[in-house]
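Have a look at the structure below, then the notes.
In this text, all values refer to a predicted model and were calculated from it rather than measured experimentally. Values below: all heavy atoms of this structure, side chains included; hydrogens, waters and symmetry mates excluded. Order of listing sets the numbers, starting from 1, for every ligand and every atom in it.
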Amino acid sequence: MPTILDGNRIRDAIKEELRPRIARLAAAKRPPGFAAVLVGNNPASETYVRTKTKTSQDLGMCSQKLALPESITTEELLAIVNHLNTRKDVDGILVQLPLPPQVDTKRILLSVAPDKDVDGLHPYNVGCLVAGLPALRPCTPAGILQLLQRYEIPIAGRRAVVVGRSDLVGKPVALILLERNATVTICHSKTTDLAGVCREADILVAAVGRPALLTADHIKPGATVIDVGINSLESREEVARIFRNSAEKLAAFERKGSVLVGDADPFALAERAGAYTPVPGGVGPLTIVMLMANIVDSAERHLEI
Ligand code: NDP
């Protein structure tokens with residue numbers, strides 16, 4: 001039986017480790033401060049920001065949401081970010097994406113002070129990752145490392161294959177695995193013989209965004225598979241095909257109108273992998289808790305604790 005890598009359990013463990021660090025900061029100086037910038041009324045962005053601010057408050061941080069109008073200009077938003085950069089009570093700034101089309105997203109993300117860039121996506125922090133220097137790490141890739149380490153899955157000397165090369169997930173995961181001495185290959189939409197390359201992996205990371213793209217043909221028996229993909233299936237036929245007419249999944253589809261699946265075929269994972277992350281409940285829960293960890297790290301640096 002493969003090991004199911006339980007992201008909810010690891011998230012809860014990391015949260016419990018953060019609580020005393022937050023309490024210590026609050027007792028010595030002040031609680032960590034977090035500012036989330038939300039522009040417009042995109043319902044998904046509103047949900048993400050609400051979850052992030054609520055999680056930080058539940059942990060005892062001082063967080064605030066800046067809700068700004070959809071019509072904001074690049075210059076106005078730059079002024080707000082610059083003000084947050086100078087505030088001594090703010091350790092982490094998160095600008096929720098996407099921004100409206102009139103706003104220059106690259107300029108805004110570049111304007112966040114690197115020491116407050118708790119998403120870890122500023123080129124300064126990415127450069128530090130490339131150079132092996134300590135810095136704020138992107139949250140999802142940092143969560144994947146936590147998952148592997150806490151389940152004691154060896155990384156050094158192993159063959160790792162990362163499918164997907166986004167700045168958000170694929171590239172930083174590959175760099176983090178390389179930093180831990182894996183032998184890393186990155187695949188993308190132009191890779192030839194994707195299945196053959198994936199079959200070489202002891203650790204296979206799928207960050208593609210294509211439902212059940214990876215099949216048994218892609219998975220070496222006993223491999224660890226980290227399925228980052230979150231894909232919403234919105235047709236009954238697709239649910240029936242991917243989940244092989246599972247009565248449970250079809251009932252869930254009738255109830256909710258959609259069902260989630262990762263980038264790997266769930267049956268192939270169960271049959272071939274040695275360990276794997278389920279979707280949902282694998283990588284997903286770790287992203288927000290690693291954001292919290294970045295805020296605490298940043299506060300400890302700012303307050304020299
Ligand atoms: P992007 O769309 O930015 O990148 C997808 C990558 O997959 C690209 O590099 C693309 O290649 C590659 N790709 C697309 N099709 C294929 C294919 N047929 N074969 C091989 N490679 C292919 O996605 P993200 O990295 O932002 O996200 C990936 C998935 O992870 C999504 O489902 C997203 O929802 C999920 N996600 C989950 C998170 C979590 O917390 N669990 C957090 C962030 C993302 P190319 O570069 O050539 O176009």
Side-chain angles (χ1 to χ4, degrees), residues 4-11 14-15 42 44-45 47-52 55 94-99 105-106 109 118-121 126 129 137-148 160-177 184-201 204-215 217-219 225-234 238 242 258-266 268-269 276-294:
I4 297 187
L5 305 171
D6 181 350
N8 290 317
R9 185 170 78 74
I10 302 299
R11 173 202 56 202
I14 295 172
K15 267 191 187 176
N42 177 330
S45 296
T47 306
Y48 290 138
V49 166
R50 198 177 320 117
T51 311
K52 289 167 188 173
T55 307
L94 179 133
V95 181
Q96 186 64 49
L97 301 180
L99 294 171
T105 301
K106 284 204 172 127
L109 293 183
V118 282
D119 254 347
L121 298 174
V126 176
L129 176 58
R137 299 287 195 236
C139 302
T140 304
I144 292 170
L145 180 63
Q146 287 294 323
L147 202 59
L148 293 171
V161 173
V162 179
V163 190
R165 57 174 162 180
S166 70
D167 293 341
L168 186 64
V169 190
K171 281 183 205 159
V173 168
L175 288 165
I176 283 176
L177 293 172
V184 183
T185 304
I186 305 176
C187 300
H188 45 77
S189 65
K190 309 290 183 294
T191 297
T192 52
D193 188 19
L194 181 68
V197 180
C198 289
R199 270 200 311 275
E200 292 177 8
L204 177 59
V205 181
V208 185
R210 299 276 183 280
L213 173 77
L214 305 186
T215 63
D217 206 26
H218 297 75
I219 303 170
V225 184
I226 306 293
D227 191 350
V228 187
I230 302 176
N231 308 296
S232 178
L233 301 179
E234 279 155 24
E238 226 182 352
I242 290 179
S258 65
V259 168
L260 291 183
V261 69
D263 288 341
D265 169 5
L269 289 172
Y276 69 92
T277 54
V279 176
V283 176
L286 292 165
T287 299
I288 288 183
V289 83
M290 295 316 293
L291 174 70
M292 301 299 124
N294 274 349

Exercise. Could you pull out the closest heavy-atom pair between Asp217 and Arg199, with the gap in Å?
Key: O-NH1, 2.8 Å
Quiz item: Can you list the residues that meet the salt bridge (charged side-chain N to carboxylate O under 4.0 Å, His left out) rule with Lys15, with sequence neighbours excluded?
Solution: none
Practice problem: Examine the proximity of ligand 1 to Leu286 and report which part, side chain or backbone, both or neither, has a heavy atom under 4.0 Å away. | Solution: neither
Self-check item: Under 3.5 Å donor-acceptor, Asp227 side chain and Pro278 backbone
Solution: no
Self-check item: Side-chain (Asp265) to main-chain (Leu214) donor-acceptor, under 3.5 angstrom
Solution: no
Quiz prompt | Identity and separation of the nearest protein heavy atom to atom 46 (O) of ligand 1 | solution = Arg165 NE, 2.7 Å
Quiz item: Which atoms from ligand 1 have a heavy atom of Val169 less than 4.0 Å away?
Solution: 25 (O), 43 (C), 44 (C)
Quiz item: Looking at Val173, Asp263, Val184, which hits side-chain contact (heavy atoms from CB on, under 4.5 Å) with Val205?
Solution: Val173
Exercise. Around atom 14 (C) of ligand 1, find the nearest protein heavy atom and jot down its residue, atom name and distance.
Key: Val208 CG1, 3.5 Å
Quiz item: For ligand 1, does Thr287 get within less than 4.0 Å through its side chain, its backbone, both, or neither, judged by non-hydrogen atoms?
Solution: side chain
Quiz item: If you measure from each heavy atom of Thr191 to ligand 1, is any distance below 4.0 Å?
Solution: no
Quiz item: atom 26 (O) of ligand 1: which protein heavy atom is closest, and how many Å away?
Solution: Leu168 CD2, 3.8 Å
Quiz item: Can you tell me which residue and heavy atom of the protein come closest to atom 17 (C) of ligand 1, and the distance to 0.1 Å?
Solution: Leu213 CD2, 4.0 Å
Self-check item: Heavy-atom nearest neighbour in the protein, as seen from atom 42 (C) of ligand 1, with distance rounded to 0.1 Å
Solution: Thr140 OG1, 3.4 Å
Quiz prompt | Gap separating the OH atom of Tyr276 from the CD1 atom of Ile226, nearest 0.5 angstrom | solution = 12.0 Å
Quiz item: Which bit of Ile230 is near ligand 1, meaning a heavy atom under 4.0 Å away: side chain, backbone, both or neither?
Solution: both
Exercise. Please round to the nearest 0.5 Å and tell me the distance separating atom NZ of Lys171 and atom CG of Leu129.
Key: 12.0 Å
Quiz prompt | Selection from Gly284, Ser166, Gly143, Pro285 by shortest heavy-atom distance to atom 24 (P) of ligand 1 | solution = Ser166
Practice problem: May I ask you to identify the nearest protein heavy atom to atom 38 (C) of ligand 1, giving residue, atom name and distance to one decimal place in Å? | Solution: Val228 CG1, 4.0 Å
Quiz prompt | Close-contact set for ligand 1 against Val163 heavy atoms, below 4.0 Å | solution = 20 (C), 21 (N)
Self-check item: Top protein contact for atom 10 (C) of ligand 1, by heavy-atom distance
Solution: Ser189 N, 4.3 Å
Quiz item: Shortest non-hydrogen contact from Ser166 to Pro172?
Solution: O-CD, 3.6 Å
Self-check item: Atom indices of ligand 1, in the order listed, that fall short of 4.0 Å to a heavy atom of Gly164
Solution: 6 (C), 7 (O), 9 (O)
Exercise. Would you please determine whether Gly170 falls within less than 4.0 Å of ligand 1 on a heavy-atom basis?
Key: no
Quiz item: Among all protein non-hydrogen atoms, which one is nearest to atom 20 (C) of ligand 1, and what is the separation to 0.1 Å?
Solution: His188 O, 3.2 Å
Self-check item: Ile14, Ile144, Thr140 screened by side-chain contact (heavy atoms from CB on, under 4.5 Å) with Met290, the one that passes
Solution: Ile14
Self-check item: Residue of the set Leu291, Thr277, Ile10 for which side-chain contact (heavy atoms from CB on, under 4.5 Å) holds with Leu286
Solution: Ile10
